[in-house]
Amino acid sequence: MQTNLVTTSTTAQRGKAIARAVELLRRGEIVGLPTETVYGLAADALNPIAVAKIFEAKERPRFDPLIVHLPNREWLERIVGLPEKDRELIFRLADKFWPGPFTMILPKLEIVPDIVTAGLDTVAVRLSAHPVFAQIASALDKPLAAPSANRFGRISPTTAQHVFDELDGRIPLIIDAGPTEHGIESTIVTVRDGRIEILRRGPITAEKLSEFAEVGTVAPSEKIISPGQLPSHYAPETPLRLIDNAETYLPPKNQRVGFLAWSGRVTSRAAFVAIRYLSARQDLREAATNLFRHLRELDRLGLDLIVAERVPSSGLGAAIMDRLERASHR
Ligand code: TXA
Ligand code: MG
């Protein structure tokens, strides 16, 4: 299959790209689309055969459920049954964080095919704020199942080129709308009995959520709740080691080592084959948007080792550290 990568630089190109995506989705095909977090691989969530194509293209195991992206808030109660006692909290969270990088796992209704939820009785839902994604969902007027557009276990794509590198020849269309805004995947939570549990850390931090209810965080675990919680995930092919202090660290001799830097204080620049800075001005938002791109670039250099410096673990830093911990786990 030929994969078309189309740009959206002009209004005309954008209109054409959106129309093409809607047409393909209507026919039960899958397309690579930008969201505000990472690029997604989308299918009509109510068409099980279309959804099966996502699993095939990504080589994703069928036990790993997908996130469903709603065209609008009205669709929420067509997809999920809201528990009466959590209804108000769920609405307040939706009012505050939708559209945006925030996913809630809620009890599913019959209409959601089992393949989407891997047979679970819950479904993950979110509403994307990306203008291209939003326009496509709204023109289709169907919820879209869309995981990150990478092959299973690999680093999430933050540019259309990354999607192309991962899925060339496997999907008919990728829409390029530039690098994504947040650079890491949405925050995933469950809301139950008035409590919020964070299953995957992301742009909506525990600090922000604690304004709404008591917040807990489920630690990554071998006992599977969702594969996004497997300790090893988002992994580059090159081994990655985390270090605390770049000022005192010296890489092993006779090894080709790359460095993913936070502080900028490196002992010996010459000791590294390549250095990438997450954020020269030590801004966690900027660091998040650079994280996966830098990891991908370092991963392509054929290094023996990538060394990554820990970032402060408050706010968005916790989500970045979560990705780095998993990338270092093998
Ligand atoms: O930002 C994002 O969330 C991106 C963009 C494309 O929307 N999507 C994304 O999807 O990261 P994916 O499939 O790569 O990650 C979704 C995670 C997976 O770890 C999956 O196991 C978990 O959500 N998940 C989905 N449905 C679930 C459910 N019902 N219960 C528990 N975990 C669930
Ligand atoms: Mg993913």
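Only this structure's heavy atoms are used, side chains among them; waters, hydrogens and symmetry mates stay out. As the structure lists them, so they are numbered: ligands from 1, and atoms in each ligand from 1. Quick caveat: nothing in here was measured; it's all calculated off a predicted structure.
No heavy atom of His182 sits closer than 4.0 Å to any atom of ligand 1. Using a 4.0 Å heavy-atom cutoff, Arg126 is listed among the residues neighbouring ligand 1. Distances from ligand 1 to the non-hydrogen atoms of Ile188 include at least one value under 4.0 Å. Assignment of Glu36 to the shell around ligand 1 is not supported, since no heavy atom sits closer than 4.0 Å. Ligand 1 has Ala146 within reach: a non-hydrogen atom of the residue lies less than 4.0 Å from it.
Taking every non-hydrogen atom of Ala124 and a distance limit under 4.0 Å, the qualifying atoms of ligand 1 come out as 25 (C), 26 (N). Counting atoms of ligand 1 from 1 in the listed order, those under 4.0 Å from a heavy atom of Leu120 are 28 (C), 29 (N), 30 (N). Taking every non-hydrogen atom of Leu66 and a distance limit under 4.0 Å, the qualifying atoms of ligand 1 come out as 25 (C), 26 (N). Each of the atoms 5 (C), 7 (O) of ligand 1 lies under 4.0 Å from some heavy atom of His69. Shown in contact with Asp64 at under 4.0 Å from a heavy atom are these atoms of ligand 1, numbered in order with element: 18 (C), 20 (C), 21 (O). Listed by atom number, the atoms of ligand 1 under 4.0 Å from Gly40 heavy atoms are 6 (C).
Between Tyr39 and His162, a ring centre-to-centre spacing not shorter than 6.0 Å is recorded. Phe97 and Phe212 have their aromatic ring centers within a separation under 6.0 angstrom.
Other residues, nucleotides and ligands contribute at most 12 non-hydrogen atoms within 6.0 Å of the CD1 atom of Ile49.
Contact annotation for Pro147 and ligand 1: heavy atoms of both the backbone and the side chain come within less than 4.0 Å of the ligand.
Between the side chains of Ser186 and Arg200, at least one donor N or O lies within less than 3.5 Å of an accepting N or O. In summary, the side chains of Thr7 and Asp176 do not present any donor paired with an acceptor at a separation below 3.5 Å, with no hydrogens or angles considered.
At least one N or O atom of Ser148, backbone or side chain, sits closer than 3.5 Å to an N or O atom of ligand 1. Looking at Thr122 next to ligand 1, an N or O pair under 3.5 Å apart turns up. Considering backbone and side-chain N/O atoms, Thr35 never comes within less than 3.5 Å of an N/O atom of ligand 1. Considering backbone and side-chain atoms together, Thr103 places no N or O closer than 3.5 Å to any N or O of ligand 1.
Gln13 contributes a side-chain N or O that, together with a main-chain N or O of Ser9, makes up a donor-acceptor pair within less than 3.5 Å. Using a distance-only test at 3.5 Å, with no hydrogens or angles considered, a donor-acceptor pair links the side chain of Thr180 to the main chain of Thr37.
Within the set Ser186, Pro157, Ser128, Ala149, the minimum heavy-atom distance to atom 2 (C) of ligand 1 is found for Ser186. Of the candidates Thr37, Thr187, Ile67, Ile184, the one placing a heavy atom closest to atom 1 (O) of ligand 1 is Thr37.
Evaluation of the salt bridge (Lys or Arg N to Asp or Glu O under 4.0 Å) test over residues 5-21, restricted to residues two or more places apart or in two chains, returns Arg20-Glu23.
Partner of Leu291 under the side chain to side chain contact (heavy atoms under 4.5 Å, CB included) criterion, out of Thr158, Leu260, Ile155: Leu260 alone. Residue Glu166 forms a salt bridge (Lys or Arg N to Asp or Glu O under 4.0 Å) with just one option from Arg60, Lys58, Arg296, and that option is Arg296. The salt bridge (Lys or Arg N to Asp or Glu O under 4.0 Å) test with Arg170 is passed by exactly one of Glu59, Glu29, Glu56: Glu59.
In summary, no N, O or S atom of Ser156 is located under 2.8 Å from the Mg ion (ligand 2).
For Phe292, there are no ring pair (Phe, Tyr, Trp, His ring centres under 6.0 Å) partners, not counting sequence neighbours.
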